[in-house]
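The chains referred to below are lettered A, B, ... by the order of the sequence lines, with proteins before strands, and numbering in each begins at 1.
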Amino acid sequence: MKVENVVLEKKYHDAVEHWRRHHFKDYQTLLDSWEKYFPKDEPFCLCAKLELGTPDVIHIGEQKGQPKRVNPDELTEDQAHHLLAIIKAQASTEFGSIQQHAGTVDRAHDDQDRAWVLRVMAEELRHGYQMLHLLLSKDWSHVSGGVTGPEMVEEILSMTTGNHVLDAFNLDYDSFMDNITFAAFIDRVGKYQLTMQKVCAYKPMADSMPPMLREEAFHLAAGVIPLRRFAERAAKGDPLAHLELVQHSINKWFARGLEMFGDERGGQKNISFGFKDLTNREAVNQYIEEVRKMIRDINTRFVRGRFPGYTPDKVESAIDELERTRGSHQGLAYEDLLYLPDPRFFRRKGEVAFQMVGVNGEPFTDADSYLSYLARHLNAGYVASRDMRLYAETLRKVVAGELTVE
Amino acid sequence: MPETSTVLRIRPLDELDISAIVRIDEKISGIYRPEVWETRIMYYTRRDPGASQVAEIGGRVVGFMLGDLRAGEFGLEEPSGWIERFGIDPDHRGQDLGRRMFDAIRAHFVAEGAKSVRTLVDTTDGGVAGFLKAIGFMPAPLQALELRL
């Protein structure tokens, strides 16, 4: 595969550099220690990367078989409008995640975990840069409502945690546990979106996906491997490591991750426009199965750590038994393991928005009872957050019939 | 419809394959070493995602082949695919899984512009040496040397 590296016009490149000096203060530290943590890897490049040699023909949708579009004005107005919104939302997520990571990256358990997250942040910066390239390299004025390219860049770079496009990027991290859980859960949604968009009928978008996906693979590992190692510490009785810390972080992020796919009933427009190849429900169902596998993988590490003399088969059967009986095994309780919350738990968007459902699918009818339940299943820092206050206010209005869930 | 339990799939390695690879390695070597495999899988995931392959039967990983594309090492400027480690669950040997994984990793290397695939082998390990010979590896002019300390 061949990749073309593209640098933005100097004033835009400088704007991104200016942004990262404010929001990513450890950037230079990362570059200075690159050889130590990533020996022989290619040096980091703050540039857009476009895969060469990708298909020229539209893969799916109403224009299937036609040549891929290379300019926005070759798309229908509806298509261009919809795609512009996707690109701006994607740009917002990339810059937003850096702002989130930056708050707690220095609390990493060790220097290697910190270096991994710093690299994730740098690559998210590059992905944001990639989206700016898509906005600036072509003329979108016919669907931008009069907003110019430079204004779009300014709008994106001025967003902060709290006013990004997607909810998952408006939550502050409460500890380094959020850095790695976010990488394992939310970056995984990113992987799905990028994979679906590899078919995009707009060729510059499609060509942007493979290099981003290759970097995303590292982001997922930078979440999963520290989670596995934390599970091992918890299993060995480290008094500072307990899987409840992980579980509370999962409870915080899983619901937001599901909502990033969009309403479960939607996504057909993306397919008919040729922008993605799965509906929202198809994608979210695959995602749920994948995170279920991830949790099983971490639990395997945990149980083996607790019972070092067990064979791999015995570890598997112990987990099967615990999941089946929800009882205990040699002093290890089902509640000691990680679990995937019910997909209806703590939702605020989609077809199950504001249904009050517990992690095991148990229903609630009273808002305060549900909020008390959430407070016991989320970490203290998050429970005390503005986001939770706003959620509680909205939930009470929905339950009282003052607000309707659309 | 084929039975699900026997469906073979060769696919690129991902970070959720660690436990399966640890398990296969333990069956082969008798040693449980998750840290080693976490480190190696992070390396390949970072360096050349899409190169390393696993073999799944019925959704269960039963073999792996790890490698990446490199250039500039040992004076070899030409991009080469390197295969570092591979293993197959002893219960699933004899099913041509090694060759299938090799075909996939080789296709990846070719797509990335490699002109050759390289590896090192302990010639006293007849099984591994025989497998590599069977899939087309031949002794190269470049020879591995060592100095015992």
Proximal component of A:Pro210, with respect to chain B [non-hydrogen, under 4.5 Å]: neither
Ion pair check, B:Arg46 and A:Glu215, cut-off under 4.0 Å: no
Of all heavy-atom pairs linking A:Lys293 and B:Leu16, the shortest is CE-O, 3.9 Å
Would you call A:Ile225 and B:Ile18 a side-chain contact if the rule is heavy atoms closer than 4.5 Å? yes
Which bit of B:Asp68 comes within less than 4.5 Å of chain A, counting heavy atoms only: side chain, backbone, both or neither? neither
Just give me the residue among B:Gly113, B:Ala111, B:Pro12 that pairs up with chain A most often, heavy atom to heavy atom, under 4.5 Å. B:Ala111
Scanning both residues in full, the closest heavy-atom pair of A:Ala221 with B:Thr45 reads CB-CG2, 4.2 Å
Below 4.5 Å, heavy atoms only, C-beta onward: do B:Glu38 and A:Arg301 meet side chain to side chain? yes
I'd like to know whether A:His219 forms a side chain to side chain contact (heavy atoms under 4.5 Å, CB included) with B:Glu15, so could you lay out the CA-CA distance, the side-chain angles of the two residues, the decisive distance to 0.1 Å, and finally the verdict. CA-CA 10 Å; A:His219 302 182; B:Glu15 81 291 345; over 6 Å; no
Looking at every heavy atom in both A:Arg229 and B:Thr39, which two are closest together, and how far apart are they? NH2-OG1, 3.3 Å
Is the shortest distance from a Lys or Arg side-chain nitrogen in B:Arg47 or A:Glu42 to a carboxylate oxygen in the other one below 4.0 Å? no
From CG (B:Asp14) to NZ (A:Lys191), nearest 0.5 Å: 5.5 Å
Between B:Ser19 and A:Arg228, a side-chain donor and acceptor under 3.5 Å: yes
Enter the distance from A:Phe218:CZ to B:Met42:CE here, rounded to the nearest 0.5 Å. 4.5 Å
Does the pair B:Glu112/A:Lys2 count as a salt bridge with the N-to-O cut at 4.0 Å? no
Given A:Arg304 and B:Arg23, is the side chain to side chain contact (heavy atoms under 4.5 Å, CB included) satisfied, shown in steps? CA-CA 11 Å; A:Arg304 183 63 182 267; B:Arg23 177 192 179 102; over 6 Å; no
Rounded distance [0.5 Å steps], OG1 in A:Thr311 versus NZ in B:Lys27: 10.0 Å
Please classify the contact between A:Arg296 and chain B as side chain, backbone, both or neither, with a heavy-atom cut-off of under 4.5 Å. neither
Among the listed options A:Glu290, A:Glu232, A:Arg119, the residue most often paired with chain B at heavy-atom distances under 4.5 Å: A:Arg119
